[in-house]
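We count ligands from 1, going down the list as the structure has it; atoms in each ligand are counted the same way. Values reported hereafter were calculated over all heavy atoms of this structure, with side chains retained and with hydrogens, waters and symmetry mates removed. Here the structure is a predicted model, which is why all the values come from computation and not from measurement.
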Amino acid sequence: MPRAELATAPGALYHQRVDGRLECVACAHRCALGDGHTGRCGVRHRAGDRLRVPFGYVAASRIRPIEINTVYHVLPGALALTFGMYGCDLACPYCHNARISQALRDGVDVAPTPITPSALVDGGCAAGCKAVCAAYNEPMIAAEWVRAVFTAAHARRLATVVVSDGNTTPEALAYLRPVTDVYRVDLKAFTEAQYGQLGGRLATVLDAIATARRLGYWVEVVTLVVPGFNDDLAGLRGLARTLADIDPGMPWHLNAFQPRYRWRDRPPQAAGLLVTAAGSAYARGLRHVYVGNVSGSVTALQHTRCPACHAVLVARESYRTLDVRLVAGRCPDCATAIAGLWGPRTRAA
Ligand code: SF4
């Protein structure tokens with residue numbers, strides 16, 4: 001099925017420029033589109049005086065623990081409905097969901113499932129979900145659809161999570177904030193040259209993280225460490241310092257690369273570097289640092305510990321919660337408040 005046959009609706013996140021082109025502000029590429037043109041994401045396109053945007057379908061949806069989206073400080077152990085669409089604003093050569101996000105670029109057949117926001121959310125509620133996550137491809141390129149789904153989710157008192165690549169504008173963050181609780185963002189690199197290989201910019205992602213936190217989103221940051229790409233300890237230490245300056249309570253997840261998509265020939269990332277980087281991040285002021293996609297004794301670095309007395313508060317293994325000792329968001333041993341959204345639809349601490 002070609003892109004032109006994917007369902008769309010009139011968009012909201014754009015404006016008309018003085019030169020007559022329509023500037024899309026759903027992501028930081030800010031494509032300026034003449035009539036009939038499609039943006040870099042491959043899905044938002046101009047038809048006459050309107051921007052048409054993805055709406056009314058999912059490429060995939062699954063029910064699974066919220067932790068599998070690398071979200072640790074939100075409703076631990078809860079089931080989440082996770083959904084995605086087609087297209088992406090970046091082109092990462094190690095994408096975990098390339099069959100969805102890169103399908104249009106790669107000319108792969110697509111098979112969308114038409115659905116309404118309420119039917120999608122009803123399915124999550126029937127399965128016992130406490131949260132809805134927009135993931136798999138970049139949600140912001142379909143922000144209008146995400147907002148419609150999250151509006152239905154909030155009406156059912158479900159928490160809402162955007163899993164984003166961070167190539168995000170302040171306009172899109174403000175547009176989604178009324179119905180979105182969590183901004184789970186990838187921080188994929190620590191130099192502009194590295195980001196250039198992916199099609200984005202480091203400064204944009206750092207700005208998005210700071211803006212999301214300022215707007216009151218609960219923010220968790222993930223850095224996938226890839227051998228030969230961003231596996232430099234000094235660079236990772238620099239990221240830790242930058243994140244601590246924004247908010248030392250933001251969780252930072254250091255995940256190990258596993259070979260996939262165009263970088264199938266690279267080796268998996270060894271755990272040792274991640275453990276060292278995590279220790280450095282604590283030394284630079286971050287309070288919650290996690291190491292993921294690893295096995296063996298390192299799995300203890302998936303637990304949430306009290307930053308004051310170091311007691312284990314949430315025990316995890318392989319992205320699943322085993323035990324929660326938090327009491328009303330506090331350590332039961334020393335009463336320290338732990339930042340996060342531990343109950344339904346509460347505000348970020
Ligand atoms: S969402 Fe798509 S059309 Fe809009 S600015 Fe980004 S790449 Fe361009």
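No side-chain N or O of N293 forms a donor-acceptor pair with one of N255 less than 3.5 Å apart. T321 and Y72 form no side-chain donor-acceptor contact under 3.5 Å, judged by distance and modelled atom types alone. In summary, the side chains of S164 and D186 do not present any donor paired with an acceptor at a separation below 3.5 Å, with no hydrogens or angles considered.
Cation-pi geometry between R266 and Y94 is not satisfied (NZ or CZ under 6.0 Å from the ring centre, within 45° of the ring normal).
The nearest heavy-atom contact from the protein to atom 2 (Fe) of ligand 1 is C41 SG, 2.3 Å. Remark: minimum distance from atom 1 (S) of ligand 1 to any protein heavy atom is reached at R44 CD, 3.3 Å. Ranking the protein heavy atoms by distance from atom 3 (S) of ligand 1 puts G39 CA, 3.5 Å first. Nearest protein heavy-atom neighbour of atom 6 (Fe) of ligand 1: C27 SG, 2.2 Å. Nearest protein heavy-atom neighbour of atom 8 (Fe) of ligand 1: C31 SG, 2.3 Å.
With a 6.0 Å radius and a threshold of 12 heavy atoms from other residues, nucleotides or ligands, D49 has its CG atom at or below the threshold. More than 12 heavy-atom neighbours from other residues, nucleotides or ligands sit within 6.0 angstrom of CZ on R30.
Heavy-atom proximity to R30, at under 4.0 Å, picks out these atoms of ligand 1: 5 (S).
Distances from atom 4 (Fe) of ligand 1 to the heavy atoms of A32, C24, C88 show the closest one on C24.
Not one N/O/S atom of H29, from backbone or side chain, sits under 2.8 Å from atom 6 (Fe) of ligand 1.
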